[in-house]
Every structure is written in C-alpha cells, then in structure tokens.
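Comments concern the structure below.
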Amino acid sequence: MSEALPRVALIGLGLIASSMAHALRAKGLVRDITGYARSAETRAVALELFCDRVTESAAEAVKEADLIVLAVPVGVMGEITAEIAPHLKPGAIVTDVGSVKGAVIEAVSPHIPQGVHFIPGHPLAGTEYSGPRSGFATLFENRWWLLTPLEGQDPAALARLRALLEAIGANVDEMEAKRHDLVLAVVSHTPHLIAYTMVGVADHLRRVTHEEVIKYSASGFRDFTRIAASDPTMWRDVFLTNKDAVLDILGRFTEELFMLQRQIRMGEGEQLHAYFSRTRAIRRGIIDAGQDTSAPDFGRAAGQPKA
Ligand SMILES: NC(=O)c1ccc[n+]([C@@H]2O[C@H](COP(=O)([O-])OP(=O)(O)OC[C@H]3O[C@@H](n4cnc5c(N)ncnc54)[C@H](O)[C@@H]3O)[C@@H](O)[C@H]2O)c1
Ligand SMILES: O=C(O)C(=O)C[C@]1(C(=O)O)C=C[C@@H](O)C=C1
C-alpha cells in the first residue's frame with residue numbers, strides 16, 4: 001500500500017478513472033477509493049465494481065483525500081476544481097488526466113488553494129470505449145504517463161505521484177505543457193480528426209454504394225472506425241482547447257496531402273514510392289523501439305520487406 005497517498009478521490013468515473021481504480025486495487029496500492037459522478041447510475045456501477053464509497057457531490061468526495069484525480073472532459077476541469085477547492089485538505093495532491101495540458105493548467109491553477117499541490121498529467125493510453133464499465137487494470141501497463149509540472153512544483157509531492165503511477169505500470173516522463181500539446185496534436189489529436197473525417201466521407205459514400213463500403217471494409221478502414229467511435233464530448237473538448245497546435249498540424253497535413261494528390265494526378269510513381277518508403281521506415285522504427293505492443297512481429301521475423 002502507498003503510505004504516502006492512502007486515500008484517493010476520483011472525480012468523473014469513466015474509462016480512465018475506472019482503469020486507475022482497478023489498477024490501484026489489483027496492486028493493493030491504496031486504502032480507500034472514493035468516487036464522484038453526476039449520475040446515480042454511474043455511481044452505482046462504480047460502487048459495485050471499483051469504489052469503496054461514492055458521493056453525490058465532488059466536494060464531499062475530496063474532503064479526506066490525499067490524492068484527487070480529475071478525470072472529466074477537458075472542458076469542465078476548471079468548473080469542477082472551483083467546486084472542490086474549498087474542501088481540499090492541506091498537503092493534498094490534485095492531478096488530472098486530461099488530453100490537453102495548457103488549457104487545463106489555465107483553467108485549474110487559479111482555483112488551487114495555497115498548500116495544495118497541483119500536478120497536471122496525461123496517460124497516453126485509452127480505448128474508444130467510455131463510462132464506468134469500460135475500465136481495466138492493465139490499461140496503463142508499459143504506457144507513457146506524461147506529467148507537466150508547474151514552476152516551483154514541490155519535488156516531494158511530484159515524487160509521490162510518480163511512484164504511484166509507476167506502481168500501476170506506467171512509464172512516467174516530464175514535459176513542458178506547451179510542448180506536450182504540440183506533440184499530442186501530432187501523435188493523437190490530428191490523427192483522430194483524420195479518422196473522424198474518413199469515416200464521415202465513407203458514410204456519405206455508403207448512400208451511393210448501397211452499404212458496400214461497410215460490408216467490404218478492410219482492416220485499414222476498420223482501424224479508422226475504431227478511432228472514430230471515441231467519445232464525442234471528450235474529443236470536442238480536445239479540439240476546442242488545443243486549437244492552435246491542431247490547426248498548425250492540420251495545415252501541414254493538408255499541404256502534404258495536396259502534394260500527394262498532385263503526384264497521383266501527374267503519375268509521379270517514383271515520388272510516391274519514395275514517400276511511402278519513408279513512412280514505412282517510421283512505422284518500423286516505432287515497432288523496433290517497442291512502442292507498439294499491438295503490432296505482430298511477422299514482418300521482422302520474415303526479414304526485410306520486399307523492395
Ligand atoms: N479515453 C481516452 O482514450 C483517454 C486517454 C487519456 C486521457 N483521457 C482524458 O481523460 C479524461 C476522461 O476521459 P474518459 O475517457 O475517462 O471519459 P469517460 O467519458 O469514460 O468519462 C468521463 C467522466 O466524466 C463525467 N463528466 C462529464 N462531464 C461532466 C461534468 N460536466 N461534470 C462532472 N462530470 C462530468 C462523465 O459522466 C464520466 O463519468 C478526459 O479529460 C480525457 O481527455 C482520455
Ligand atoms: O487507443 C486509443 O483508442 C486512443 O486513442 C488513446 C489515445 C491516443 O493514443 O490517441 C487517445 C487520447 C488520449 O489522450 C491518449 C491516448
């Protein structure tokens with residue numbers, strides 16, 4: 001058990017909070033997990049599956065807590081912090097799991113009382129499912145968990161949080177918030193937008209092709225549909241709060257797309273081949289670095305790809 005952080009309050013009881021609770025329980029790391037969700041139905045599920053106690057208000061949930069985890073959509077982090085702020089225990093740690101860091105820091109920091117430690121965070125792990133039944137204990141195993149500590153952060157509080165996250169299997173790294181938001185715009189936010197768009201395009205076409213798009217969808221398109229099934233509230237908030245970085249990356253993406261479009265139109269096969277060879281090498285680099293646990297290794301086992 002973590003003597004440093006024995007009582008945990010989870011604010012919002014969806015995929016990430018429930019996964020944290022399952023992981024903390026499975027490893028026996030904390031003494032008590034209290035949860036808050038708006039709906040009575042969600043609270044009942046949480047009580048049955050992973051919380052020791054649930055409360056009808058966020059304020060009530062945090063009173064005794066040593067660690068408070070804000071696990072709500074990015075757009076409501078500020079208002080929920082304003083609600084809990086007067087009830088936080090001196091010395092408590094508040095962290096969040098939001099997919100965007102700059103906007104969360106801006107919204108949450110002004111409400112944090114003196115003597116309470118706010119340490120923004122983001123687990124780079126998730127699925128397209130949401131809600132209190134979607135969590136599982138191994139979600140964070142061997143996945144990055146980025147912390148974006150603020151200036152003057154208490155090193156002891158940071159070390160306590162880091163130790164707990166590492167104990168549930170995460171690889172913890174620290175990063176400056178602005179850099180986090182740019183990196184995530186590249187590796188997560190813009191790819192989600194592209195997936196949403198592609199599935200939208202296919203849906204328009206479906207009406208023309210009489211369901212064949214869905215019937216014969218191959219694995220590439222299926223991957224897009226999985227991503228595009230992600231929670232609409234969460235992703236609306238991500239795009240609205242990481243606007244600048246996403247628009248920057250989307251601009252670059254559009255330029256590349258236009259270039260490829262032109263090469264296809266002009267029949268420039270050599271250029272297309274060179275481009276695809278470069279992207280294939282990037283993918284193989286990710287697998288070789290052990291960053292994609294979902295990738296089968298037959299590509300490597302069978303030797304080099306065909307030239
Ligand atoms: N899903 C992912 O892949 C993923 C990965 C990493 C981080 N995150 C981040 O984690 C956070 C939670 O995401 P999740 O996937 O667990 O979502 P989820 O939809 O599964 O759960 C969100 C919870 O917040 C509650 N909630 C929503 N609006 C609220 C409000 N106004 N007041 C109080 N509670 C409210 C919901 O009822 C639910 O209990 C988000 O900030 C998201 O950006 C998500
Ligand atoms: O695997 C998925 O379903 C995800 O999309 C998870 C994913 C991502 O990798 O982009 C999505 C959003 C988060 O903030 C972190 C992780």
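Model, not experiment: these values are computed from the prediction. We count ligands from 1, going down the list as the structure has it; atoms in each ligand are counted the same way.
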Notebook entry, point to check: For ligand 2, what are the residues with a heavy-atom contact below 4.0 Å?
Noted result: S99, H122, P123, A125, G126, T127, E128, S188, H192, R226, M234, W235
Note to self: Can you tell me how the ring of H192 sits relative to the ring of W235, calling it parallel under 30°, perpendicular over 60° and tilted otherwise?
What the structure shows: parallel
Next item on the list: Would you check if there is a donor-acceptor pair between the side chains of D32 and T34 at a distance under 3.5 Å?
Entry: yes
Next item on the list: Answer with yes or no after comparing the ring centroid distance for F50 and H22 against a 6.0 Å cut-off, counting only values under it.
Entry: yes
Item checked: Nearest heavy atoms of A23 and A137, plus distance in Å -> CB-O, 3.3 Å
Next item on the list: Below 4.0 angstrom from a heavy atom of G98, which ligand 1 atoms are there? Numbered from 1 as shown, please.
Entry: 41 (O)
Check: Quick one: does E128 get within less than 4.0 Å of ligand 1, heavy atoms only?
Finding: no
Notebook entry, point to check: Hey, is S99 touching ligand 1 through its side chain, its backbone, both or neither, going by heavy atoms under 4.0 Å?
Noted result: both
Notebook entry, point to check: Touching ligand 1 at all, T127? Heavy atoms, strictly under 4.0 Å?
Noted result: yes
Item checked: Heavy-atom closest contact (R160 atom, L5 atom, distance) -> O-CD1, 3.8 Å
Margin query: Looking only at side-chain N and O atoms, does E256 offer a donor or acceptor that is under 3.5 Å from a partner on Y275?
Written below: yes
Note to self: I'd like to know if S39 contacts ligand 1, where contact means a heavy-atom distance under 4.0 Å to any ligand atom.
What the structure shows: no
